[in-house]
Number of protein chains: 2
Amino acid sequence: MNNTTAQAATLRELLRTLIRKLGVLERSEAGCCDMTLSQCNALIEVGRAGVLSVNQLADRLNLDKSTASRVSDKLVLDGQLLRQEDPNDRRYVVLKLTERGSQTYANMENRMTAYFEEVMAGVDPAERTAMLRGLQTLDAALNSDSCC
Amino acid sequence: MNNTTAQAATLRELLRTLIRKLGVLERSEAGCCDMTLSQCNALIEVGRAGVLSVNQLADRLNLDKSTASRVSDKLVLDGQLLRQEDPNDRRYVVLKLTERGSQTYANMENRMTAYFEEVMAGVDPAERTAMLRGLQTLDAALNSDSCC
DNA sequence: AATAAATTGTTGCATAATGCAACTGATTCA
DNA sequence: TGAATCAGTTGCATTATGCAACAATTTATT
């Protein structure tokens, strides 16, 4: 169907520009916290989850476990994360935010919240729900596809 | 307005998962072509533009010009790009796809086209246009914001 | 016409990320 | 009890990245 082809092309183009813009946003955010992007992403995931193992962190970030191990090492060294032994299974490490890490996380959350509220405020109220639903539709479609 | 706050939070979460999924897709695509992600992105931009200068490539990829210079160097070395002197201004380099680069580009385009058609086919036809419009709305909102 | 300023692209340097394979220690399974 | 599996670490090699300084070229100024 010709229509799907054209729509698929439009989708790709929209996603391409979206990725670029969000990439800029992410890097700017990481810069604000004096961290690398990877460290930022790791801190956010631990912040959102409360506690994570190294393997869980790797899964969430789509990284090799060795990479997750190193980035969490760095964050522990910087005082942003705490590494604890799991009392139930000593193979496991439990990663959680330190007090300082919580501050950093809250700072990032606040800035990102403010940013996206601003973005949302720039959208016609009548279109906001439709926009979100569109993203939810895409999310579901990507889930059911075999690549992601 | 409480509504904007909740909607902003939903937007962030949707974008977070979208970035993760598309990141996996990008890396998988780069792997298919036996290239690094950065090289892939550079080739795609040159392919889409026809010709680009190094600075233009840097702008499109949101990279430092030194990085753009190196990644295009690599692609020239691999025979995917051709670097020519600009006859009008010898400061400029003109980057374009070689025959081999055109093949690589076409392969990537075909695979991505097929993938997104599959994604689109998984969306209810009645929702496709709304989904695309939602992404277009977001795109416009991000453009008018000061960060990107 | 000569000089200064700006632009393009390259290179040196330093930092960081990344994945694979191999390894250690711990737990589970047969 | 020994083998298999799991979690996490480490060595290794590769790649990406941006900043600053530089050379060559073009444009602007005097």
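Just so it is clear, the values below take in all heavy atoms, side chains as well, and ignore hydrogens, waters and symmetry mates. First the proteins, then the strands, lettered A, B, ... as listed; each starts at 1.
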How close or far is atom C1' of C/dT7 from atom CG of B/D89, stated in whole angstroms? 8 Å
I need the CG-P distance between B/D73 and C/dT11, as an integer number of Å. 7 Å
Look at the side chain of A/R91 and decide which nucleotide, out of C/dG19, C/dG25, C/dT8, has an atom nearest to it. C/dG25
With a 3.5 Å cut-off and heavy atoms only, can you find an N or O donor on one side and an acceptor on the other between the side chain of A/R70 and the base of C/dG19? yes
Is the shortest side-chain N to carboxylate O distance from A/D59 to A/K65 below 4.0 Å? no
Using 4.0 Å as the upper bound for N to carboxylate O, is an ion pair formed by B/R12 and A/E109? yes
Of all nucleotides in DNA chain D that come within under 4.0 Å of a heavy atom of chain B, which is furthest toward the 5' end and which toward the 3' end? D/dT15 to D/dT26
Output the rounded distance in Å from CZ (B/R90) to C1' (C/dT10). 17 Å
Base, sugar-phosphate or nothing for A/T67? Non-hydrogen atoms, less than 4.0 Å. base
If only side-chain N and O atoms count, and only distance matters, is there a donor-acceptor pair under 3.5 Å linking B/S53 with B/N55? no
Nearest nucleotide by nearest heavy atom, which residue falls closer to the 5' end of DNA chain C, A/T36 or A/P87? A/T36
Neighbours of DNA chain C within residues 40-51 of chain B, by heavy-atom distance under 4.0 Å: none
What are the two closest heavy atoms between A/L95 and A/S72, and how far apart are they? CD1-CB, 3.8 Å
Tell me what B/Q39 touches on the nucleic acid: a base, only sugar-phosphate, or nothing, going by heavy atoms under 4.0 Å. sugar-phosphate
Stepwise side-chain contact (heavy atoms from CB on, under 4.5 Å) test for B/L81 and B/T98: CA-CA 5 Å; B/L81 283 190; B/T98 57; 5.5 Å; no
Consider the side chain of A/S66, meaning its heavy atoms from C-beta on, and name the nucleotide among C/dT27, C/dG19, C/dT11 that approaches it most closely. C/dG19
Without decimals, in angstroms, what is the distance between B/R83 CZ and C/dT8 P? 16 Å
Would you call B/E45 and A/R20 a salt bridge, using N to O less than 4.0 angstrom? yes
For A/D86 and C/dA26, what is the distance between atoms CG and P respectively, to the nearest whole Å? 14 Å
Atom-to-atom span, CG of B/N55 to P of C/dA6 - whole angstrom: 16 Å
Would one find more than 12 heavy atoms of other residues, nucleotides or ligands at under 6.0 Å from atom CG of B/D34? no
Whole-Å distance separating the CD atom of B/Q56 from the P atom of C/dT7: 15 Å
Do the side-chain N and O atoms of A/T104 and A/Q80 include a donor-acceptor pair separated by under 3.5 angstrom? yes
From NZ of A/K65 across to P of C/dG19 the rounded distance in Å is 13 Å
Contact nearer the 5' end of DNA chain C, comparing A/L63 with B/V93: B/V93
